[in-house]
Amino acid sequence: MKIKKLHDWQVSPQEAINIQNKLKNKVILASPYQSLEEIKTVAGCDVNYEKKSAIVQAAVVLIRLKDWTIIEKVIIKKPLKQSFPYIPGLLSFREAPLLLLAFQKIKGIPDVILFDGHGIAHPRQLGLATHIGILINKSTIGCAKSLLWGEYNEPENLKGAYSFLTDKNLKVIGAVLRTRKDVKPVFVSSGYKINLDLAVEVVEACCKKYRIPEPLRLAHYYSKTKLH
DNA sequence: GCGACAG
DNA sequence: ATCTTGTCGC
């Protein structure tokens, strides 16, 4: 996939915030897809940090939505050394550099990409999914396991139940979706070039048995597998 | 000043 | 996120 290089990743936290504030004008939510039926392939990605080996490993897994078969996977790693620290709100500066290399390497073109983190449900509307969506010009969805920004009421304890995540002005910025009964809900938000309704449909279509959508479960697994 | 805080 | 043991439930 083609990657735009719009800025450097080796920046100070304040510079990172400035970059996010500039990029928020580039956020587009209009989707090239009208319905779930038009979405044939979905990719999931994740990054693993292993303290002992001091290695960072990223995985991108491309699956066919229809039957969840794996079409392709890319696994790459780098030393932990030069990684940006984890700072809430600046996750993309930690994870995007390696993920972009993985997206550069993958041959297939996913219709939609799922991220382990938020999209526009972010203090500057520039969560990991949104930031990478802008850089690779693909539809992206944020699917985080915990809250970063916004307020919500707990959804009903039923698979498929959801409530809205809103900002301080009560504007809807995401959905809090129960992907199965008796589990904590996940936080779904538009990343780039997809609307919230369709984003929720995609996540639901990727969940049957487990809390975490299948492309992310697979990416999580492969980001932790030892390579020899 | 205090609390909240994706991975 | 990492590290880590037992425990509960299908």
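In what follows, chains are A, B, ... by sequence order, proteins preceding strands, each numbered from 1. All of these numbers come straight from a predicted model, not from anything done at the bench.
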Okay, side chain of [X], backbone of [Y]: is any donor-acceptor separation there less than 3.5 Å?
X        : Y        : result
A/Gln57  : A/Thr225 : yes
A/Asp8   : A/Gln10  : yes
A/Lys159 : A/Thr179 : yes
A/Ser31  : A/Ile194 : no

Measure the spacing between [atom1] of [X] and [atom2] of [Y] and express it to the nearest 0.5 Å.
X        : Y        : atom1 : atom2 : value
A/Ser83  : A/Glu95  : OG    : CD    : 9.5 Å
A/Ile212 : A/His220 : CD1   : NE2   : 9.0 Å
A/Ile71  : A/Leu62  : CD1   : CG    : 4.0 Å
A/Ile3   : A/Ile132 : CD1   : CD1   : 8.5 Å
A/Thr130 : A/Leu23  : OG1   : CG    : 10.5 Å
A/Leu114 : A/Asp46  : CG    : CG    : 11.5 Å

Should [X] and [Y] be counted in the same cluster of Ile, Leu, Val, Met, Phe, Trp and Tyr side chains packed under 4.5 Å apart?
X        : Y        : value
A/Tyr49  : A/Ile87  : yes
A/Val183 : A/Leu177 : no
A/Ile55  : A/Tyr86  : no

Quick check for you: name the first and last nucleotides of DNA chain B, 5' to 3', having an atom under 4.0 Å from a heavy atom of chain A.
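The contact span of chain A on DNA chain B goes from B/dC5 to B/dG7.
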Please list all pairs meeting salt bridge (charged side-chain N to carboxylate O under 4.0 Å, His left out) that have one or both residues in residues 139-157 of chain A, counting only residues at least two apart or in different chains.
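Sorted pair list: A/Asp116-A/Lys145, A/Glu154-A/Arg178.
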Does the side chain of [X] come under 3.5 Å of the side chain of [Y] through a donor N or O and an acceptor N or O?
X       : Y        : value
A/Ser12 : A/Gln14  : no
A/Lys2  : A/Asn137 : no
A/Asn21 : A/Lys24  : yes

Annotated structure of DNA chain B as dot-bracket, pair cut-off 3.5 Å, Watson-Crick or G-U only, | for inter-strand, is .......
In dot-bracket form, how is DNA chain C paired, counting a Watson-Crick or G-U wobble pair only if both its distances are under 3.5 Å and using | for bases paired to another strand?
..........
Do A/Arg64 and A/Lys40 touch side chain to side chain, with heavy atoms closer than 4.5 Å?
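Sidechains of A/Lys40 and A/Arg64: no contact.
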Pairwise side-chain contact, A/Pro13 with A/Leu90, heavy-atom cut-off 4.5 Å (strictly under)
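Sidechains of A/Leu90 and A/Pro13: in contact.
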Just to be sure I understand the geometry, which residues of [range] put a non-hydrogen atom under 4.0 Å away from DNA chain B?
range                       : value
residues 195-213 of chain A : none
residues 112-119 of chain A : A/Asp116, A/Gly117, A/His118
residues 76-89 of chain A   : A/Tyr86, A/Pro88, A/Gly89
residues 121-129 of chain A : A/His122, A/Gly127, A/Leu128
residues 138-166 of chain A : A/Ala144, A/Lys145, A/Ser146, A/Leu147, A/Leu148

Distance under 6.0 Å and angle within 45° of the ring axis: does A/Arg217 meet both against A/Tyr222?
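No.
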Does NZ or CZ of A/Arg180 fall inside the cone over A/Tyr210's six-membered ring, less than 6.0 Å from its centre and within 45° of the axis?
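No, A/Arg180 does not sit over the ring of A/Tyr210.
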Below 3.5 Å is the cut-off: list the nitrogen or oxygen pairs between protein and nucleotides 2-7 of chain C, distance only.
| unit_1 | atom_1 | unit_2 | atom_2 | d |
| --- | --- | --- | --- | --- |
| C/dT2 | OP1 | A/Asn48 | ND2 | 2.6 |

Please classify the nucleic acid contact of A/Leu90 as base, sugar-phosphate, or nothing, using heavy-atom distances under 4.0 Å.
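Base contact.
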Nonpolar side-chain network containing A/Leu147, other nodes, edges under 4.5 Å:
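Its cluster partners, ordered by chain and number, are A/Leu148, A/Trp149, A/Tyr152, A/Leu165, A/Ile173, A/Val176, A/Phe187.
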List in chain and number order the residues that pass ring pair (Phe, Tyr, Trp, His ring centres under 6.0 Å) with A/Phe93, two or more places apart in sequence or in another chain; answer none if no residue qualifies.
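Partners of A/Phe93 by the ring pair (Phe, Tyr, Trp, His ring centres under 6.0 Å) criterion, ordered by chain and then number, come out as A/His7, A/Trp9, A/Phe84, A/His131.
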Above 12 or not: heavy atoms from other molecules or residues under 6.0 Å from NZ of A/Lys78?
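Yes, the 6.0 Å shell around NZ holds more than 12 heavy atoms from other groups.
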Passing option when A/Leu91 is tested against A/Leu126, A/Val47, A/Leu128 for side chain to side chain contact (heavy atoms under 4.5 Å, CB included)
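Option passing the side chain to side chain contact (heavy atoms under 4.5 Å, CB included) with A/Leu91: A/Leu128.
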